[in-house]
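Below is one structure; the comments refer to it alone.
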Amino acid sequence: MDAPTSTAVIEGLRAIVGEKACIEAPGDMQPFATDYRKLYHGKALAVVLPASTQEVAGVVALCAAHKVPVVPQGGNTSLMGGAVPDASGRAVILNLRRMNKVLEVDTVNDTLTLQAGVTLQAARAAAEDASRLFPLRIGSEGSCQIGGNLSTNAGGTAVLRYGNMRDLTLGIEAVLPDGRIFSSLRGLRKDNTGYDLKQLFIGSEGTLGIITAAVLKLMPLPRATAVALVAVQSPHAAVQLLTEAKRIAGQAVTAFELISAPALALVLESMPQLRSPLADAHGWMVLIELSSGGEPGSLDATLLSVLEEGMAQGLVLDAAVAASGADAQNFWRIREEISDAQTREGGSIKCDISIPLSKIADFIAEASAAVLALAPDARMVIYGHMGDGNVHFNPLKPKGASSAQFLEANYARVSHAVDGLAHRQNGSISAEHGVGVAKRDDLSAYKSEVELELMWQIKRALDPDNLLNPAKVLPQAA
Ligand code: MLT
Ligand code: ZN
């Protein structure tokens with residue numbers, strides 16, 4: 001881009017969002033241009049912080065007129081490099097954090113209408129203030145934003161019971177690549193008037209439009225919860241235990257999270273203030289949560305029945321049941337810290353696999369053998385949403401080794417081995433983290449020609465100049 005164009009664009013941006021909301025100093029832009037795991041280091045022409053949908057539309061239209069790429073950004077917690085620009089310095093980062101208003105809590109329609117920059121934590125708090133639950137639950141809830149949750153179709157630890165972001169959304173508002181505004185903010189549970197256009201924007205990682213607001217579903221706030229950390233014989237035993245839990249507790253099964261021994265050890269080593277509630281070390285654990293609208297305490301006996309059945313069948317080796325809300329929070333803290341503990345070690349090889357539940361345990365065994373054949377010393381950090389057939393399969397460098405060297409030597413071959421195995425078993429290579437840059441080119445190997453053609457046709461129809469979050473999601477060779 002020539003100097004007069006970039007000057008005109010920056011002056012135009014300032015006029016739309018105001019001087020204070022337009023950042024141009026390289027040092028100030030750097031945190032916006034670097035991803036959460038510090039693996040992608042981009043550069044930007046400017047960072048803008050619009051305060052309204054109209055301002056977002058103005059910025060996008062201005063950039064479209066000058067053929068300047070726009071990278072939408074929420075809390076910048078993407079694990080796939082999806083929310084940062086490339087290193088060319090041509091793109092404008094459009095960060096939505098100033099659009100952080102809860103617009104309406106409707107306790108009759110059971111809906112929450114809010115701007116895209118509201119954090120997940122604030123959305124959950126707004127629901128709770130009205131004695132309702134907004135059920136999306138992920139470890140980064142304090143910083144991730146609803147717009148990012150929508151654009152990646154976020155999942156997390158309660159999908160088993162409530163579904164992912166797509167299931168929890170009734171309407172969205174989005175700014176299109178030419179600056180027009182699409183809106184379906186009507187809070188309808190039924191609307192069969194043609195294509196469900198909002199679905200184009202959910203999960204497309206800002207490549208088709210910038211989500212600026214949404215209407216989300218609210219659920220009854222659970223009154224009874226029961227939580228246990230359970231040592232199991234193996235991943236196969238975990239799957240059988242889940243089947244028993246569903247038989248005994250039915251819909252109350254809210255979370256069923258797998259944790260491998262290296263995943264637990266990593267958290268406990270890096271956070272000495274946390275302690276495992278289990279007396280001994282075990283190869284595999286599951287964190288189970290039951291919840292319902294019944295009387296507080298009413299699920300305690302149900303959870304015990306699940307554990308007794310698991311012990312009787314030889315699936316369960318040991319279990320710690322949370323005796324209080326604080327205990328339960330501590331159990332969850334251990335699980336939720338696994339992600340950051342890997343980042344502190346320099347980042348792992350991120351594979352985010354889903355497989356039909358009936359095959360997930362075999363997959364874990366086969367993929368582990370394949371990884372250890374390639375990187376015999378890797379720490380097998382395997383954890384996640386077993387109840388959804390979704391595991392985060394994240395081989396990590398051996399203790400004390402150089403992270404850069406480990407990732408350089410192993411990232412491509414290990415992730416191809418794991419993803420290839422998942423693909424051959426009809427699984428997905430990105431269950432809930434999206435594609436971003438990290439998995440972008442891999443899609444050529446894992447999507448059919450028809451799927452890739454359709455994706456490009458939709459992209460070109462909405463964004464013919466390829467300006468919205470370019471070089472994300474779609475394989476560049478196609
Ligand atoms: C999680 O389940 O903890 C998140 O998806 C983040 C991660 O896997 O790193
Ligand atoms: Zn996850």
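Whatever order the structure lists them in is the order used to number ligands and atoms, beginning at 1. The first residue in the sequence is number 1, and the count goes up from there.
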Checklist entry - In this structure, which one of Cys351, Ser260, Pro235 forms a side-chain contact (heavy atoms from CB on, under 4.5 Å) with Ile382? => result Ser260
List every atom of ligand 1 that sits less than 4.0 Å from any heavy atom of [X], numbering the atoms from 1 in the order shown and giving each element.
X      : answer
Lys350 : 7 (C), 8 (O), 9 (O)
Leu79  : 6 (C), 7 (C), 9 (O)
His385 : 2 (O)
His392 : 1 (C), 2 (O), 4 (C), 5 (O), 8 (O)

Indicate whether any N or O donor in one side chain lies under 3.5 Å from an N or O acceptor in the other, for [X] and [Y].
X      : Y      : answer
Asn100 : Arg97  : no
Arg37  : Thr343 : no
Gln240 : Glu244 : no

Got the closest protein heavy atom to [atom], with its distance?
atom                   : result
atom 6 (C) of ligand 1 : Ser339 OG, 3.5 Å
atom 7 (C) of ligand 1 : Tyr383 OH, 3.2 Å
atom 5 (O) of ligand 1 : His433 NE2, 2.7 Å
atom 1 (C) of ligand 1 : Arg335 NH2, 3.4 Å

Item to check | Contact check: Asp352 to the Zn ion (ligand 2), N/O/S below 2.8 Å | outcome: no
Checklist entry - Is the distance from the Zn ion (ligand 2) to the nearest N/O/S atom of His385 under 2.8 Å? => result yes
Next on the checklist: Looking at ligand 1, is there an atom of it that comes within less than 4.0 Å of some heavy atom belonging to Ile338?
Outcome noted: no
Item to check | Min heavy-atom dist Glu432 to ligand 1 below 4.0 Å | outcome: yes
Item to check | Straight-line distance of Arg132 CZ to Asp110 CG, nearest 0.5 Å | outcome: 4.5 Å
Answer yes or no: is there an ion pair linking [X] with [Y], defined by an N-O contact shorter than 4.0 Å?
X      : Y      : value
Glu289 : Arg137 : yes
Arg333 : Glu337 : yes
Lys439 : Asp352 : no

Checklist entry - Which one of Lys350, Gln342, Glu432 satisfies the side chain to side chain donor-acceptor pair (under 3.5 Å) criterion with His392? => result Glu432
Next on the checklist: What is the name of the N/O/S atom of Glu432 that is nearest to the Zn ion (ligand 2)?
Outcome noted: OE2
